[in-house]
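Reviewing the structure listed below.
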Amino acid sequence: MTKKPYYITTAIAYTSGKPHIGNLYEIVLADALARFMRSYGYDVYFQTGTDEHGQKIELKAQEAGVTPQEFVDKVSAEIRRNWEIMGSSHDKFIRTTDPYHKAKVQKMFKKLYDKGDIYKGEYEGMYCTPCESFFTESQLVDGKCPDCGREVKYAKEEAYFFKLSNYQKQLEEYIETSDFIQPESRKNEMLNNFIRPGLKDLCVSRTSFSWGIPVDFDPKHVIYVWIDALSNYITFLGYDPDGNHTEEFKKFWPADIHLIGKDILRFHTIYWPIMLMALDVPLPKKVFGHPWLLVGEGKMSKSKGNVIYADELVEEFGLDAVRYYLLKEMPFAQDGSLTYELLIERINGELVNILGNLVNRTAAMTNKYFGGIIPAPTAKEEIDDELISMALKTPQDIADKMHEMRVADSMQAIFNLLRRANKYIDETTPWVLAKDESKKERLGTVLYNLMETIRFAGVLLSSFLPTTGEKMLGILNTDERSFESLSAFGGLKAGESLGEVTMLFERIDAEARLGEIQKKLAPKNLLEQAEVKEEKAEEKKEEPKEEAKKEEITIDDFGKLELRTGKIIEAKKHPKADKLYVFKVDLGTETRQIVSGIAKYFELESLVGQNVVVVANLKPAKLRGEISEGMILLAEDEEKDVLSFVTAGEGFKLGSIVK
RNA sequence: CGCGGGGUGGAGCAAUUGGCAGCUCGUCGGGCUCAUAACCCGGAGGUUGUAGGUUCAAGUCCUGCCCCCGCAACCA
């Protein structure tokens, strides 16, 4: 019988910078699933890679003084290296700058154009010439360009559009009647927010930059990055718009699961299926939007604060400890959080105490009582049944869970078995049996049962923690490592000698280690934080918001600022925006209205009477309808997520110059 | 009234179609000595955010209210 195909993908990583641990969660998750499915008996094809086009990358390369290709070569290699650090077992690592992919995407674009699903139209809007960008009315600030503040003018530009509405009904029905969107809770979000209100035609070409795949029949246009990126799932498999697909494509498409971050669910559950419907290609079976891994203490600190990188974390704690944490600690449909404290707690409490210690004490007894030779289970007793039956039902239990992406629960099931084995030792007290020569056979049986249970755990764990699984089976010195070998209890051969007994996980002195880490990692990170948000999907298509380090300025530049002391004399909520307060600020000679986005940091009442420093010559702007004539200075502690007013102190004359 | 998710012992999470409120950590007490000061057992701790309603039965279904978090918006 031939094995059933199973095609799994991750989202391809955007090559704007080094990936952080949040991105790596996805690859570990996908890897665990891929490894498990292979072991379970599927013919798995696991694809990942990098998404390398777009204006943002063009800009980044420019800043770095290299060509876009040089830039993405470097970042892609770095991402690939990180995937390897995490132990990823992907079958193919693709890059969207691959000429093979480019040609396919061009052909697909042409096909959709010929079919009439893509048409040439005009992009209308307010255009800022120096910034070469279009803005909608709502994006304008005070009628001016939000980026540079200069005049904008109405303009039209030719562009290609994808008529999504052609497929709206078909898509709505598919989503409603299938379990395409996972987890289920996301289904309504997509339907209610985007699909049911009506799909607008999507602008699928750009002329404002050139780092992308050109439209071959109209080369001043570059194909929209999402069209380019999403296509990777089929182009590299051998999809051919003319119908001459490769065997690989015929075998593996449609994909069994696209594993993606919940933030890009929209692209994968709306644009992607519609593209496929338009191309007359079957739709993927499932899209799973996994939650985010947050770094830091509270929920507040997610995009702020400490970026943690894979290589640092793996170097510090070891690959399997990090994988364990990611797979075990992430809830199914809620964001999880990573802290060093919790990580160490898990390592000590579970990997060391439950798993490492069980293996160690079992092997130690076998060495001590049987000279390292695996004894035969010749004296079975009733008390063994519970352990054995639990071991026997665990594999299928995990298989069921993995088919639903319940990875954390699968890990839990393995550890429950290990806990049961620890309990079994107390129930059977082998050290007591060892004192009585007539109990030798019973003692051997107990130890055999333990080792066979460890074999079960080792085989199962191999999908999640490959190195550890390997070590466990190495200690048992067994070749019985297949999933099928778990259909019966007794695969371990008696009479063989154990392999070398190594420590699986070493205990960590939490306090000492935390101190060291703080010293090592604390000073950096603030400047690197900008990277966190950059992966966000939205930013790919919008103009990039520059968060980079500010350039050096001269004293003259500084002289252009007019800073004055003032006092808040009136404060109210902005009627139309949650995050904004509207203040009346007394500057001595005049009163200004200033809007400030600090609603989540301060109680409104506490602010009246607050002394402040104001940028007084800032060009006035309208924020959601309220005029703001200046800016209040505040200091921000990113770590604690709090703000503090900059002031000249109580009793200082209002309107004084600050310099 | 823009859309969606959520409030469960000190902490983090579970509870298929309504049917005895569970798990891990922590805490308190006990046991054991094979083992990486580990392992095993037991106890304490919850009127499941709040006010009503439906039902023989509600964490679960319905309604109002209070909080929190995403998306969108917005951050001078």
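First the proteins, then the strands, lettered A, B, ... as listed; each starts at 1.
If you check every strand for non-hydrogen atoms under 4.0 Å, A:Asn353 touches sugar and phosphate atoms only.
Rounded to a whole Å, the CZ atom of A:Arg361 is 15 Å from the P atom of B:C32. Across the protein-nucleic acid pair, A:Asn360 atom CG and B:A38 atom P stand 14 Å apart, rounded to whole Å.
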Heteroatom pairs (N/O) under 3.5 angstrom, protein to nucleotides 24-31 of chain B:
{"from": "B:C25", "atom 1": "O2'", "to": "A:Glu345", "atom 2": "OE2", "distance (Å)": "3.1"}
{"from": "B:G31", "atom 1": "N2", "to": "A:Asp426", "atom 2": "OD2", "distance (Å)": "3.2"}

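As rounded to the nearest Å, B:G7 and B:G12 have C1' atoms that lie 14 Å from one another. Separating the P atom of B:G19 from that of B:A73 is a span of 41 Å, rounded to the nearest Å. B:U63 sits 15 Å from B:A58 when the C1' atoms are compared, rounded to a whole Å. Atom C1' of B:C23 sits at a distance of 13 Å from the matching atom of B:U8, rounded to the whole Å. Here, B:C56 and B:C40 have their P atoms 46 Å apart, quoted to the whole Å. For the P atoms, the distance linking B:G59 with B:G70 amounts to 30 Å, nearest Å.
Less than 6.0 angstrom separates the ring centroid of A:Tyr324 from the ring centroid of A:Phe415.
Within the shown strands, B:C28 is the pairing partner of B:G42 under the Watson-Crick or G-U definition, both distances less than 3.5 Å.
Contact annotation: A:Lys423 does not reach the phosphate of B:C39 (side-chain N/O to OP1 or OP2, under 4.0 Å).
Across every non-hydrogen atom of A:Arg507 and A:Asn348, the tightest pair is CA-OD1, 3.5 Å.
Donor-acceptor pairing under 3.5 Å, judged by distance alone, is absent between the side chain of A:Asn357 and the base of B:A38.
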